[in-house]
Amino acid sequence: MKSRIQSVDALRGLIMIVMALDHVRDFFHSAASQFQPDDLTRTTTALFFTRWITHFCAPVFFFTAGIGAFFWLRGDRTRAQLSAFLWKRGLWLVLLELTVLRLAMNFSVLEGPLLLSILWALGWSMVALGFLVHVPVRALAILSVAGIALHNLADKIPAARFGNWAWLWNVLHQQGAFTAGSITVVAAYPLVPWMFVMSAGFCFGRIIAMDAIERRRWLLRIGAALTVAFLLIRAINIYGDPRPWTNGILSFLRVTKYPPSLDFLLMTIGPAILLLACFNRVTFSRANPLVVFGRVPLFYFLGHLFLAHALMIPFALVRHGRAGFLFGPLRGDQYPADYGYDLWVVYAVWIAVVVMLYPLCLWFARVKERRHDWWLSYL
């Protein structure tokens with residue numbers, strides 16, 4: 001087996017493409033600063049599903065990061081070496097969150113609240129996995145499934161109950177804001193159960209390592225089981241998500257992402273594994289956009305945010321004659337009253353961003369193929 005699994009790269013590349021749609025919507029859509037697209041009292045079906053389809057991105061990214069860690073062990077590498085690599089890469093991602101990602105989102109590093117989002121959660125999940133890789137795989141699989149399945153039992157515990165330690169509960173389980181000195185910190189991605197999604201992916205690596213026929217058989221079984229489990233648990237409507245559904249398909253699919261509920265993870269990871277089974281039968285060219293983006297996910301991630309944010313400037317200059325309000329924290333109350341564009345514009349800009357990034361990502365993917373400098377593994 002090759003050190004890289006093409007189907008995993010393709011799946012990761014697909015969700016990277018879809019992810020850009022959500023961020024372009026945040027930057028460009030007229031309602032982005034007015035209400036959430038899953039607010040069933042105000043949203044439209046098109047806007048709801050524009051947001052809903054991007055729910056698959058974060059779970060697949062955490063899950064495939066765990067798979068990648070499993071295959072990093074190939075050759076003569078040891079678990080101790082893997083631990084060291086995960087700790088260093090994890091802390092590097094945390095640093096990028098606090099600096100480069102902040103710059104990409106705000107065009108400023110010092111202004112506004114400090115947002116702890118996806119790179120923060122990925123980084124600390126890698127640090128946690130650096131310890132967890134020493135647990136026997138079967139025990140780790142049980143721990144990972146238990147963490148994913150049972151964490152919603154803690155939903156009714158408010159952060160305020162912990163007094164001065166409320167911030168820690170925000171970081172671990174309940175999305176919220178707290179202050180650190182004079183800085184407002186927003187814990188957007190609580191770490192539980194994201195770290196267990198990554199450790200589950202690490203355990204799942206054993207299935208990906210099987211021969212192609214056996215691998216596809218297990219992918220179909222597990223993907224179907226998780227998808228059916230979502231439908232059953234969501235239909236029963238007792239446990240699995242802090243927001244019970246009421247009536248209609250939109251309410252049924254409106255599950256909680258922060259932190260990701262059991263229903264959310266079943267709804268996304270199950271179909272993703274089924275898609276992985278389909279990709280398992282496809283031979284992709286080295287230049288296929290799915291494979292290219294999937295091999296340079298961090299480069300793509302940061303690049304698409306800078307590009308999408310930068311494209312706001314010419315749009316603002318043409319329509320409003322100014323663009324200064326785009327520098328600093330993105331706040332709707334600082335925008336012109338008529339700022340924003342229809343959903344079709346969002347889709348057009350999304351396609352343009354993906355197309356423009358492709359040659360850059362292809363170049364960088366080729367660099368990573370030719371060279372094996374240690375620092376390339378951190379990009």
Flag yes if Ile213 and Val8 sit in one hydrophobic cluster, no otherwise; membership is Ile, Leu, Val, Met, Phe, Trp, Tyr, and two members link when side-chain heavy atoms are under 4.5 Å apart.
no

Between Phe284 and Phe279, does the ring centre distance come in under 6.0 Å?
yes

Please indicate whether Arg319 has more than 12 foreign heavy atoms, meaning atoms of other residues, nucleotides or ligands, lying under 6.0 Å from its CZ.
yes

Looking only at heavy atoms, which two atoms of Gly303 and Leu357 are closest? And how far apart?
C-CD2, 4.0 Å

Measure up the Tyr189 and Phe62 rings against each other and bin them: parallel (under 30°), tilted (30 to 60°), perpendicular (over 60°).
parallel

Give the C-alpha distance, both sets of side-chain angles, the deciding distance and a yes or no for side-chain contact (heavy atoms from CB on, under 4.5 Å) between His309 and His23.
CA-CA 9 Å; His309 196 174; His23 295 138; over 6 Å; no

Regarding Arg89 and the six-membered ring of Trp92, is the cationic atom NZ or CZ under 6.0 Å from the ring centre and inside 45° of its axis?
no

Is any side-chain heavy atom of Leu140 less than 4.5 Å from a side-chain heavy atom of Val137?
no

Residues two or more places apart in sequence or in another chain: which of them pass side chain to side chain contact (heavy atoms under 4.5 Å, CB included) with Leu114?
Leu98, Arg102, Leu116, Ile183, Val185

Applying side-chain contact (heavy atoms from CB on, under 4.5 Å) to Phe315 and Val345, what does each step give before you reach the verdict?
CA-CA 11 Å; Phe315 274 77; Val345 177; 4.1 Å; yes

Here the gap from Ile207 atom CD1 to Arg215 atom CZ, rounded to the nearest 0.5 Å, amounts to 11.0 Å

Between the side chain of Asn152 and the main-chain N/O of Leu262, is any donor-acceptor distance below 3.5 Å?
yes

To the nearest 0.5 Å, tell me how far Thr50 OG1 sits from Asp22 CG.
9.0 Å

Can you measure from NE2 (His55) to CG (Asp38) and round to the nearest 0.5 angstrom?
6.0 Å

Go through the steps for Ser199 and Ser144 under the test side-chain hydrogen bond (donor to acceptor under 3.5 Å, both in side chains), then give the verdict.
CA-CA 6 Å; Ser199 59; Ser144 302; 2.6 Å; yes

Taking the side chain as every heavy atom from C-beta outward, state whether Thr179 and Trp167 have any pair of such atoms under 4.5 Å apart.
no

Run the ring pair (Phe, Tyr, Trp, His ring centres under 6.0 Å) check on Phe131 and Trp87 step by step: do they pass?
CA-CA 9 Å; Phe131 291 97; Trp87 297 335; 5.1 Å; yes

To the nearest 0.5 Å, what is the distance between CG on Leu298 and CG on Leu101?
10.0 Å

Examine distances only and state if a side-chain atom of His29 and a backbone atom of Ala31 form a donor-acceptor pair shorter than 3.5 Å.
yes

Pairwise side-chain contact, Leu219 with Leu274, heavy-atom cut-off 4.5 Å (strictly under)
no

Give a yes or no answer on whether the side chain of Asp211 reaches the backbone of Glu214 with a donor-acceptor pair at less than 3.5 Å.
yes

From Leu21 CG over to Tyr347 OH, what is the distance, rounded to the nearest 0.5 angstrom?
5.0 Å

Side chain Asp39, main chain Thr43, donor-acceptor under 3.5 Å
no

Heavy-atom neighbours of Gln81 CD exceed 12 at 6.0 Å:
yes

Cluster question for you: counting only ILVMFWY and a side-chain heavy-atom cut-off of under 4.5 Å, with indirect links fine, are Val100 and Val186 together?
no

May I ask you to test the Met198-Leu122 pair for a side-chain heavy-atom distance under 4.5 Å?
yes

A quick test of your reading: do over 12 heavy atoms of other residues, nucleotides or ligands sit less than 6.0 Å from CH2 of Trp245?
yes

Quick one, Ser83 and His134 - any side-chain contact, counting heavy atoms below 4.5 Å?
yes

Between His151 and Tyr239 the two heavy atoms that sit nearest each other are N-OH, 4.1 Å

Starting from the C-alpha separation in whole Å, work towards a yes-or-no answer on side-chain contact (heavy atoms from CB on, under 4.5 Å) for Val18 and Ile53.
CA-CA 8 Å; Val18 173; Ile53 193 64; 4.2 Å; yes

Please check this pair: side chain of Asp241 against backbone of Arg234, looking for a donor-acceptor N/O pair closer than 3.5 Å.
no

Taking the ring of Phe252 and the ring of Phe230, is the distance between their centroids below 6.0 Å?
yes

Is any side-chain heavy atom of Arg25 less than 4.5 Å from a side-chain heavy atom of Thr54?
no

Pro158 backbone acceptor or donor facing His173 side chain under 3.5 Å
no

I want to know whether Phe301 and Phe61 have ring centres closer than 6.0 Å.
no

With sequence neighbours excluded, tell me which residues meet side chain to side chain contact (heavy atoms under 4.5 Å, CB included) with Ser108.
Asn106, Glu111

Tell me, please, which residues at least two apart from Asp9 pass salt bridge (Lys or Arg N to Asp or Glu O under 4.0 Å).
Arg4, Arg12, Arg295

Using 30° and 60° as the class boundaries, would you call the ring planes of Phe63 and Phe204 parallel, tilted or perpendicular?
tilted

Is there a path from Leu115 to Leu95 through hydrophobic residues (I, L, V, M, F, W, Y) whose side chains come within less than 4.5 Å of each other?
no

Inspect the surroundings of CG in Leu110 and state if more than 12 heavy atoms from other residues, nucleotides or ligands are less than 6.0 Å away.
no

Checking the side chain of Gln174 only, and the main-chain atoms of Ala159 only, is there a donor and an acceptor separated by less than 3.5 Å?
yes

For Trp194 and Ala121, work out which heavy atoms get closest and say how close.
CD1-CB, 4.5 Å

Any donor-acceptor N/O pair, Asp373 side chain to Trp375 backbone, under 3.5 Å
no

Are side-chain heavy atoms of Gln34 and Arg42 found at a separation under 4.5 Å?
yes

Going by the angle between their ring planes, with limits at 30° and 60°, are Phe85 and Trp72 parallel, tilted or perpendicular?
parallel

What orientation do Trp120 and Trp124 show, parallel under 30°, tilted 30 to 60°, or perpendicular over 60°?
perpendicular

I would like to know whether Arg77 and Leu82 meet side-chain contact (heavy atoms from CB on, under 4.5 Å); could you show each step before the answer?
CA-CA 7 Å; Arg77 290 168 174 162; Leu82 175 60; over 6 Å; no

CG of Leu143 to CG of Leu132: how many Å apart, nearest 0.5 Å?
6.5 Å

Is there side-chain contact between Ile67 and Ile5, with at least one heavy-atom pair below 4.5 Å?
no

Checking the side chain of Arg51 only, and the main-chain atoms of Pro37 only, is there a donor and an acceptor separated by less than 3.5 Å?
no

Please say yes or no: joined through hydrophobic side-chain contacts below 4.5 Å, possibly via intermediate residues, are Ile269 and Val145 part of one cluster?
no

Consider only side-chain heavy atoms of I, L, V, M, F, W and Y, link residues closer than 4.5 Å, and tell whether Ile15 and Ile351 are in one cluster.
yes

Using 30° and 60° as the class boundaries, would you call the ring planes of Phe28 and Tyr341 parallel, tilted or perpendicular?
tilted

In terms of the angle between their ring planes, are Tyr300 and Phe293 parallel, tilted or perpendicular, with boundaries placed at 30° and 60°?
tilted

